[in-house]
Amino acid sequence: MNDPAQNTKQAEDHPLQRIPIEISVTVGKARPLVRDLLGLGENAVLPLDKRIEDPVELYVGDRLIARGELQEMEGGEPGQLAVRLTEVAIDADSLT
């Protein structure tokens, strides 16, 4: 009979557990006209469709995996950003 503790140990030792993935954090979108985009230069401000207190979205590839709040990372470099998760996707449709 299979020992659940041994199965868990084997899963933790699996080489795939050590592969890093990239998570993208989306804070908002901008939709300028091309003529406005071409006129942007240094110090230009591009307004986004979100407010600073709005949740951010976390993606792996094009799949939404969670939502959260931006915050400054405790114990990190001054100004280093972090995300506190407020919702985690259980399946592909759970956050939409």
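The residues of the chain are indexed from 1 along the displayed sequence. Not measured: the values here are computed from a predicted model.
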message = Could you check whether any side-chain N or O of Glu57 sits under 3.5 Å from a backbone N or O of Arg67, counting only pairs where one atom can act as donor and the other as acceptor?
response = no

What residues form a side-chain contact (heavy atoms from CB on, under 4.5 Å) with [X], not counting sequence neighbours?
{"X": "Gln71", "value": "Ala82, Arg84"}
{"X": "Ile19", "value": "Leu16"}
{"X": "Ala30", "value": "Pro32, Leu46, Leu48"}
{"X": "Glu74", "value": "none"}

Value for CD (Glu69) from CD1 (Ile52), rounded to nearest 0.5 Å, stands at 12.0 Å

Between the OG atom in Ser24 and the CG atom in Leu64, the distance rounded to the nearest 0.5 Å is 11.5 Å

Margin query: For Glu22, is the CD atom crowded, meaning more than 12 foreign heavy atoms sit under 6.0 Å from it?
Written below: no

I want to check something: taking the side chain as every heavy atom from C-beta on, are Leu85 and Leu58 in contact at a cut-off of under 4.5 Å? yes

Query raised in the report: Can you find a heavy atom in the side chain of Ile23 that is under 4.5 Å from one in the side chain of Ile65?
Result: yes

side-chain hydrogen bond (donor to acceptor under 3.5 Å, both in side chains) pairs touching residues 36-54, sequence neighbours excluded, are Arg51-Glu53

Check your understanding: Would Val25 end up clustered with Val60 when hydrophobic side chains under 4.5 Å apart are linked, directly or stepwise?
Key -> yes

**Prompt:** Passes side-chain contact (heavy atoms from CB on, under 4.5 Å), Val27 versus Leu70? Steps please.
**Reply:** CA-CA 9 Å; Val27 297; Leu70 285 179; 3.8 Å; yes

Connected to Val34, directly or through other members, by ILVMFWY side-chain contacts below 4.5 Å are Leu38

